[in-house]
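The structure under discussion appears below in the form of structure tokens.
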Amino acid sequence: TFPNLTYRTGPYAVNGIPYADGYADYMALLNSRDGGIGGEKINYIECETQYNTEKGVECYENTKGEGSLVYQPMSTGITYQLIPKATADGIPLLTMGYGRTSAANGKVFSHIFNYPANYWVGASAVINHILSLNNGNIKGKKIALVYHNSAYGKEPIRTLQELEKKHGFKLSLLPVDHPGQEQKSQWLQIRREKPDYVTMWGWGVMNPTAIQEAANIRFPMENFIGVWWSGSEGDVLPAGNGANGYKSLAMHNTGSDFPIYADLKKHVYDKGLAAGDGTSSGQVLYNRGLYAAMLATEAARLAQKMSGKANISPADMRDAMEAFSINEAQMASLGLPNFAPSFSVSCENHGGPGLAAIQQWDAKAKKWTMISDFIKTDAEVINALIAEDSAAYAAENKIKERCG
Amino acid sequence: MPAEFYYGVEVFLNGLMAGVMYSLVALGFVLIFKASGIFNYAQGIMALFAAMTLVGFQEGQIPFAHLINAVFGTEVHHFGWTMPTFLAILFALGMMLLFAFLVERLILKHLVNQEPIILFMATIGLAYFMEGFGDLMWGSNVKRLDVGIPQGGNFWIEENTAFLGGEEFYGFYLDTLDIYATVIAVVLVISLVLFSQYTKTGRALRAVADDHQAALSVGISLRGIWVIVWAIAGFVALVAGIMWGAKSGVQFSLSLIALKALPVLMLGGFTSIPGAIVGGLIIGVGEKMFEFLIGAPLLGGATENWFAYMLALMFLVFRPQGLFGEKIIERV
Amino acid sequence: MLDSPQTDEKLLDVNNIEVIYNHVILVLKGVSLSVPKGGITALLGGNGAGKTTTLKAISNLLHSERGEVTKGTILYRGNPVADLNPAALVKSGVIQVMEGRHCFEHLTVEENLLTGSYTRSVSRGDIARDLDLVYTYFPRLKERRKSQAGYTSGGEQQMCAIGRALMSRPETVLLDEPSMGLAPQLVEEIFGIVKALNEKEGVSFLLAEQNTNVALRFAHYGYILESGRVVMDGPAAELRENPDVKEFYLGMSDEGRKSFRDVRSYRRRKRWLS
Amino acid sequence: MLYREVGEFKTSYTADQQTFPISFDKIAYFIALAIAFFVVPLIINDYWAKAILLPFLIFGIAAIGLNILTGYCGQVSLGSGGFMAVGAYACYKFMTAFPDLNLIICIVLSGGVTAMVGILFGLPSLRIKGFYLAVATLAAQFFLVWLFNKVGWFYNYTATGQINAPEREFLGIIISGPNSSPEAVYLVCLSFLTVLALIARNLTRGSFGRKWMAIRDMDIAAEIIGVNPLMAKLTAFGVSSFYVGISGALLFSVFLGAVEVGEVFGIQKSFLVLFMIIIGGLGSIFGSLAGAAFLVLMPVVLKNVMVGSMGWPVDIAAHFEFLIVGSLIVFFLIVEPHGFAMLWRIIKEKLRLWPFPH
Amino acid sequence: MSRKTASLDSRDSYVTADGRTIGPAVMEMQNITLRFGGVVAIQDISFDIREGEIRAIIGPNGAGKSSMLNVINGFYHPQEGHVIYKGEVRKPLKPYEIAHQGIARTFQNIALFKGMSTLDNIMTGRLTHMKTGMLAQALWWGKAQKEEVENRAFVEQIVDFLEIQSIRKVPVGRLPYGLQKRVELGRALAAQPSLLLLDEPMAGMNVEEKEDMSRFILDVNEEFGTTIALIEHDMSVVMDLADRVVVMDYGRKIGDGTPDEVRSNQAVIDAYLGVSHD
Ligand SMILES: Nc1ncnc2c1ncn2[C@@H]1O[C@H](COP(=O)(O)OP(=O)(O)OP(=O)(O)O)[C@@H](O)[C@H]1O
Ligand SMILES: Nc1ncnc2c1ncn2[C@@H]1O[C@H](COP(=O)(O)OP(=O)(O)OP(=O)(O)O)[C@@H](O)[C@H]1O
Ligand SMILES: [Mg+2]
Ligand SMILES: [Mg+2]
């Protein structure tokens with residue numbers, strides 16, 4: 001059983017729909033092409049949260065009884081909710097690229113996994129990219145962070161502040177309140193202060209508005225780098241040509257040039273099993289849905305192998321996720337060659353490899369293209385922060401470290 | 001003059017512009033409140049719905065495609081034509097008219113002479129309904145809306161003011177879209193004021209807001225009045241939807257601009273059309289200047305939302321009916 | 001009233017109606033009455049007898065109070081009023097002056113009067129003439145024409161409400177307690193106006209009144225309502241002579257009018273029905 | 001005559017002032033309470049607790065609180081979300097600053113703190129009325145949310161501004177944190193609701209309730225017969241915020257366990273609670289609960305029916321959910337503008353007459 | 001100028017023909033002027049109200065009678081003039097403070113609390129006498145309950161007195177006009193005022209109901225010794241009940257005296273009575 005907490009309505013539906021489509025289509029593909037995983041048919045459940053915490057809890061409680069193997073809530077708020085609960089219930093949580101970053105510390109967070117990347121990795125990747133553009137020296141450069149004024153948006157601040165000390169750039173912080181339709185003040189401030197780079201942690205309508213405003217003040221788009229949640233088609237399309245050159249982080253490859261799309265067409269779309277109306281197919285967030293589903297189902301496959309049963313329990317799933325590894329050959333065989341980096345998980349490290357790439361928007365072609373490899377991030381800084389934050393959590397909740 | 005000063009002026013000007021954008025939304029509220037004493041919670045959703053409809057017509061979307069596909073297993077999405085903007089606007093207007101008619105028929109007619117809070121609640125129900133209905137009809141994905149109004153900083157103004165403030169200043173930034181919005185808002189307000197102040201219908205509107213039953217007893221047809229007013233409010237919603245939709249795409253969050261209109265409304269007075277504009281300007285300037293002078297440098301930013309309300313609150317303490325609202329009659 | 005323009009033609013015919021409020025409170029239990037063209041008909045009765053309810057049933061205003069006519073018919077010129085909405089009813093010439101004034105408080109007195117002409121499509125000049133006419137009836141209103149109705153005195157509001165109804169040039173007026181809160185002089189004047197309109201312009205009136213004395217003096221015909229039923233009816237002159245009416249509604253006994261100071265010992269109301 | 005009051009005579013004013021003057025009602029309520037306290041805990045599971053009962057109980061408290069302010073005292077408020085946040089953050093601060101303090105006491109204290117904040121924001125009500133006041137209370141809503149998001153002290157400077165409820169026991173039973181059992185948290189919330197509902201009932205039938213209602217129905221007349229409007233309004237704000245604060249504290253500590261202010265206590269919450277009391281019935285304790293039940297239960301039921309039983313795609317179901325909830329709101333208002341409480345009263349009146357029509 | 005100015009005899013008491021004692025003046029209005037923007041509602045009016053008497057205020061519509069009551073109970077503050085209550089110049093107080101000094105009133109446009117039952121409405125009249133704190137009430141402790149029961153008993157007496165037992169639990173909004181007036185009187189009586197102001201208590205009533213109402217007013221006046229100021233347009237009622245009558249016209253006082261004096265005052269006849277009554 002794979003529950004999926006989706007949000008196809010409400011203020012963040014824009015982002016929620018393509019992701020949910022991708023996730024659902026991948027599950028449908030496995031069922032229709034392979035008859036499930038290891039002969040066991042996948043029971044795929046969607047539950048609508050509207051990005052709302054209480055609804056998320058309702059969904060969790062509603063579905064957990066049905067033998068749910070892993071939860072991917074796609075919302076930092078709901079993730080925070082579920083961290084203690086899922087741990088108590090013994091169900092693993094996979095929060096790829098969102099949620100609580102310090103959950104990468106498996107010693108403290110036994111049931112929480114946030115591979116392959118997290119926000120602090122993201123923050124560091126942005127700085128690394130800027131470093132690479134400036135031959136490694138960004139002393140005195142000004143970098144502004146435009147962020148969603150919520151737990152999610154505040155995640156990168158600590159890391160950026162650490163990196164600020166290390167590299168000597170100047171960071172300025174510009175919060176934007178939910179929902180973020182009115183950002184005149186922030187962008188006038190950017191216009192005045194002329195930062196060299198702007199990075200953004202946005203979500204929902206905040207993204208297209210920011211990109212539109214950036215285009216309006218003629219901020220050089222190639223110096224504007226969003227996190228992976230600010231880099232999908234829905235964010236750049238409303239700004240039209242103005243968005244050309246905008247960059248964002250990526251944790252997987254873009255486009256529909258993968259063999260899996262042929263299979264999807266044959267086994268899912270053409271059979272009328274597609275979750276969406278087809279417009280989302282090939283979009284960044286759709287691919288992310290595929291990727292999320294792939295990581296979950298591959299872990300399940302591993303769990304079947306490890307436990308020797310076809311019908312695995314959440315505990316088996318958790319053990320498999322902790323022993324999880326994936327490499328290029330595996331991904332190629334799944335129809336996703338060159339899609340995402342290889343990595344492996346361990347008891348200590350639930351956070352994956354700490355790699356991220358940069359993609360850029362081409363407004364004419366209406367396409368995202370990868371412009372970098374998956375680059376290594378500043379593990380030194382990040383790990384120290386993770387250790388600190390998870391230690392605080394452990395102390396607060398009287399958790400004894402594992403893996404020792 | 002130091003550059004800081006001109007930046008202050010720039011923020012001020014942009015505040016005015018932002019205020020006008022709020023006023024566009026606030027106008028819809030005022031109209032309905034003035035005409036029936038109803039605080040129309042659904043105004044934001046109406047703007048969203050109008051914009052969605054416009055895009056839907058423009059792009060030849062098949063209404064309820066998603067539902068149809070789910071029920072019949074078909075794969076229909078588009079009619080395959082695109083409609084000229086002008087025509088699409090006309091169709092969208094027609095839709096809002098129909099909407100006004102149905103609202104009267106199905107809701108208001110049954111709630112004559114009820115207390116304001118109950119009518120308010122009914123509009124909340126309406127808002128829920130429209131939210132579901134709009135999404136079902138046109139889908140909840142983000143849509144790009146383009147009616148041909150240019151956007152982005154106005155070069156001409158920028159270049160011709162760059163000489164001010166020396167090296168550090170590069171001319172005033174004003175969004176062309178906002179300039180258009182201002183012109184439209186001014187035209188709207190003037191015509192609405194003329195309508196409500198100098199026509200028989202305008203007087204009837206105010207009578208209805210005071211006392212439904214007495215209005216009925218002198219032969220004012222509530223139904224007619226309501227249809228007219230809701231249709232006009234629908235039209236205003238369409239305008240607001242177009243302007244805001246052009247800024248950040250048509251999607252659910254568009255309906256949340258209603259929250260930005262509320263402080264404008266209370267500052268200007270619920271019953272005053274010019275109040276909506278003046279209130280908008282004051283709120284726009286106030287919140288932007290506060291953020292510029294105090295919010296961002298001292299309080300860590302993102303103060304606009306609450307400051308707008310605080311500002312309105314301060315005005316209300318001195319004038320409980322808003323700047324231009326009708327005086328609240330207190331007598332025994 | 002020998003010079004009465006009253007005719008035999010029934011303008012308004014209320015036939016055995018029953019009214020229920022809120023689905024549970026039965027208020028009118030079979031009321032029948034008729035208003036002849038050109039007549040002044042009085043509807044009398046104590047507090048809560050159902051006078052207001054009857055008038056509202058006729059002018060179709062019950063819906064907005066969650067009341068409904070569950071039995072019987074009301075015909076105006078032979079057409080059931082239930083088919084007309086209140087606005088259409090005003091257009092066809094029936095207008096009600098509601099009990100408790102109900103002026104539009106935020107409108108000025110003059111604007112209030114003008115709303116009365118809402119249904120009429122005539123020239124501004126005509127309306128201005130009617131306005132002047134109302135001002136000659138109620139000079140006090142002219143003085144206060146620019147003030148908001150909400151700030152005028154009780155009596156001024158009453159004049160405003162009556163004036164507003166006259167502005168629609170009605171054929172039939174349903175007057176609910178027009179004398180309430182008016183100075184005695186003015187009461188006479190208002191009834192004088194009623195009489196003048198009736199005689200000169202043939203306007204018919206249905207008049208709910210507590211002030212039985214005056215009402216019976218001006219009306220042609222009267223109905224007495226108690227607890228939702230018509231308990232007595234007859235030409236006004238006859239009613240005035242009826243001993244029961246005399247005692248209970250006119251406050252006269254055989255010895256003439258008693259002082260209010262003397263009615264100390266409590267008189268049990270005689271009920272025709274209870 | 002299914003429902004009867006005939007044959008019940010009150011011989012003293014005390015008896016006439018009881019909460020349930022009609023013994024039929026009284027028995028029914030006692031049975032309901034007994035079931036709630038003794039039967040439900042035996043059959044409750046996580047889903048029922050977390051998806052339905054806890055939200056119902058907690059929002060029930062908030063709804064009673066808001067009903068005191070809006071339904072009884074006539075001051076429309078859209079600040080409930082913000083006041084709930086005050087309760088939650090106060091509770092968090094008490095819990096972390098005094099780890100040995102009993103959670104129940106923490107929650108009550110949080111109510112007290114919220115009452116104070118509520119009174120502060122109630123001050124403008126002396127001048128500002130009606131919808132103007134409603135919009136003015138939004139100032140409280142936005143300001144409080146901003147404050148809790150911004151000032152690190154409130155969330156103990158955690159990296160993201162989330163607050164987490166540590167585990168606490170009451171009488172040796174865990175009642176907060178992930179290891180609490182559904183029946184324990186249920187009983188805690190139920191007890192709070194029961195006690196608070198009773199207190200609300202007592203207050204509203206006494207002289208405070210009358211002062212509030214007088215202000216609501218006609219504030220000028222109330223002042224002329226001797227009600228001090230400022231005191232009446234401020235006490236209403238205080239009591240109401242106390243309730244709302246407690247519900248916020250419960251929502252945070254025993255229900256959600258982790259809270260982010262903007263998401264959980266946003267403006268939507270304020271609206272939600274207001275909807276509850278209008279749908280349920282302004283000026284009625286029973287109505288507050290009925291409204292809370294309706295708005296908590298309805299979406300869950302609709303969802304389960306449409307997705308669970310009829311197998312619709314979740315997004316269509318979600319859209320229909322809005323559509324249906326919206327239509328039902330309008331429908332109920334048309335049937336009875338004064339909410340479920342009034343509907344219930346009319347049904348009782350009809351039953352009293354039954355089988356005779358009038 | 002606290003104790004002076006009142007003419008000498010305003011301090012004396014006398015006994016009326018039917019045996020009631022009329023005391024010295026409790027309330028003196030001195031040169032009251034009240035304006036609303038351009039409208040002069042009251043112009044330089046002085047008169048007094050004596051303890052135990054029934055004082056009527058009459059005058060054409062818009063003369064300023066209701067405004068005068070509003071001045072007495074502090075809802076309007078006159079631009080000029082003083083109000084002397086129980087011998088002291090009254091400071092500008094809030095209406096609720098004045099209510100606590102023992103002045104209660106009814107309103108011309110009924111101002112009942114529509115959402116409450118008859119009983120609760122009358123109970124609100126007792127609010128000035130109820131003192132228990134919030135905590136006690138919340139728990140319905142002994143003291144709170146005792147106070148409630150005592151006051152309730154008092155209110156039941158008023159209900160009996162006004163003969164409105166049958167509508168005790170009915171929401172007042174549903175009551176017919178006349179009964180609402182009666183409930184309003186009950187609410188004012190519940191406060192056990194020393195001065196009771198009645199604004200057109202008999203409007204919209206028929207003779208029989210007016211008789212009832214007159215009886216209530218007289219009983220209150222005699223049994224509780226309550227001073228009453230009364231506005232009424234029905235001259236027979238005024239002439240029968242009042243001890244003294246003030247006549248206002250266009251904000252000015254045009255007459256003051258016993259009913260007989262007023263009735264024969266030509267200015268009064270011209271402005272108000274039209275033809276002399278009965
Ligand atoms: N909206 C309502 N809901 C319930 N009952 C009502 C409503 N309106 C009136 N009633 C009841 O209907 C009965 C008749 O009232 P109505 O107002 O018609 O009397 P009336 O003869 O006009 O009395 P009055 O002379 O006092 O105006 C009263 O008993 C009253 O309680
Ligand atoms: N608050 C106010 N604002 C403006 N004008 C007012 C106000 N209150 C009263 N007036 C005016 O003052 C005058 C006197 O009003 P008041 O209500 O005292 O008259 P009244 O003698 O009670 O008349 P009635 O017998 O008709 O009730 C009226 O012309 C009225 O319009
Ligand atoms: Mg009546
Ligand atoms: Mg008066």
Side-chain angles (χ1 to χ4, degrees), chain A residues 4 6-10 13 16-17 20 45-48 50-55 57-65 75-89 100-102 148-155 157-158 175 177-178 275-276 385 388-389 392-393 396-398, chain D residues 45-52 54-55 58-59 96 142 145-146 149-150 155-167 177-180 182 251 255-269 272 296 299-300 303-304 306-308 313-319 321-322:
Chain A
N4 186 13
T6 59
Y7 37 100
R8 291 169 180 277
T9 58
I17 293 170
I45 312 171
E46 264 191 28
C47 189
E48 172 71 25
Q50 290 164 25
Y51 204 76
N52 166 314
T53 318
E54 281 109 316
K55 287 225 163 63
V57 172
E58 194 258 330
C59 278
Y60 170 81
E61 299 292 349
N62 194 1
T63 50
K64 82 172 184 200
S75 143
T76 297
I78 298 178
T79 305
Y80 270 83
Q81 257 337 282
L82 294 186
I83 286 173
K85 284 202 184 89
T87 308
D89 290 337
R100 183 173 195 133
T101 304
S102 63
H148 194 263
N149 197 5
S150 67
Y152 151 66
K154 289 195 235 170
E155 280 274 358
I157 296 178
R158 278 293 303 282
D177 263 335
H178 165 90
L385 286 172
E388 183 191 328
D389 190 69
Y393 183 83
E396 204 176 286
N397 293 278
K398 307 197 186 79
Chain D
N45 62 15
D46 262 338
Y47 180 68
W48 272 90
K50 296 266 149 112
I52 295 168
L54 284 190
I58 291 172
F59 283 116
T96 49
F142 282 105
V145 166
W146 176 84
N149 201 1
K150 188 58 63 180
Y155 49 85
N156 289 355
Y157 303 99
T158 52
T160 55
Q162 289 260 358
I163 54 173
N164 282 285
E167 192 167 291
N179 295 315
S180 51
L251 185 74
F255 178 34
L256 292 179
V259 152
E260 184 191 343
V261 63
E263 220 165 87
V264 177
F265 298 118
I267 173 88
Q268 296 308 327
K269 277 284 166 341
L272 181 70
V296 167
V300 176
K303 186 165 117 177
N304 285 335
M306 288 188 294
V307 180
V314 283
D315 54 339
I316 294 194
H319 298 156
E321 184 186 316
F322 276 101

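From a predicted model like this one, the values you see are computed outputs, not experimental measurements. In what follows, chains carry the letters A, B, and so on, assigned in the order in which the sequence lines appear, proteins first and then strands, with residues in each chain numbered from 1.
Using a 4.5 Å cut-off between heavy atoms, A:T6 contacts chain D through its side chain alone, with no backbone atom that close. Within the 4.5 angstrom heavy-atom criterion, no atom of A:N52 approaches chain D. Looking at D:L251, the atoms closer than 4.5 Å to chain A (heavy atoms on both sides) all sit in the side chain, from C-beta outward. D:Q268 does not touch chain A: none of its heavy atoms, backbone or side chain, sits under 4.5 Å away. Interface residue D:N164: backbone and side-chain heavy atoms are both found under 4.5 Å from chain A. Neither the backbone nor the side chain of D:F142 comes within less than 4.5 Å of any heavy atom in chain A. At a 4.5 Å heavy-atom cutoff, D:E167 makes no contact with chain A through either its backbone or its side chain. Using a 4.5 Å cut-off between heavy atoms, A:N62 touches chain D through backbone and side chain atoms alike.
With sequence neighbours excluded, no residue satisfies side-chain hydrogen bond (donor to acceptor under 3.5 Å, both in side chains) with A:S75. With sequence neighbours excluded, the residues forming a side-chain hydrogen bond (donor to acceptor under 3.5 Å, both in side chains) with D:D46 are A:K64, listed by chain and number.
Side-chain atoms of D:K303 do not come within 3.5 Å of backbone N or O of A:C47 as any donor-acceptor pair.
Comparing A:A151, A:A275, A:P175 by heavy-atom pairs within less than 4.5 Å of chain D, the highest count is held by A:A151. Chain D forms the most heavy-atom pairs under 4.5 Å with one residue out of A:T87, A:D389, A:V57, A:N149, and that residue is A:N149. With chain A as the partner, the residue from D:K150, D:Q162, D:E263 showing the most heavy-atom pairs under 4.5 Å is D:Q162. The residue among A:R8, A:R100, A:E58, A:E155 with the most heavy atom pairs within less than 4.5 Å of chain D is A:E58. Counting heavy-atom pairs closer than 4.5 Å to chain D, the top residue among A:K85, A:E48, A:K398, A:H178 is A:K85.
The OG1 atom of A:T53 sits 6.5 Å away from the CG atom of D:L256 when rounded to the nearest 0.5 Å. With values rounded to the nearest 0.5 angstrom, D:K50 atom NZ is found 9.0 Å from A:Q81 atom CD.
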I would like to know whether D:E260 and A:Y152 meet side chain to side chain contact (heavy atoms under 4.5 Å, CB included); could you show each step before the answer? CA-CA 10 Å; D:E260 184 191 343; A:Y152 151 66; over 6 Å; no
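Across D:A318 and A:T9, no two heavy atoms sit closer than the pair CB-CG2, 3.7 Å.
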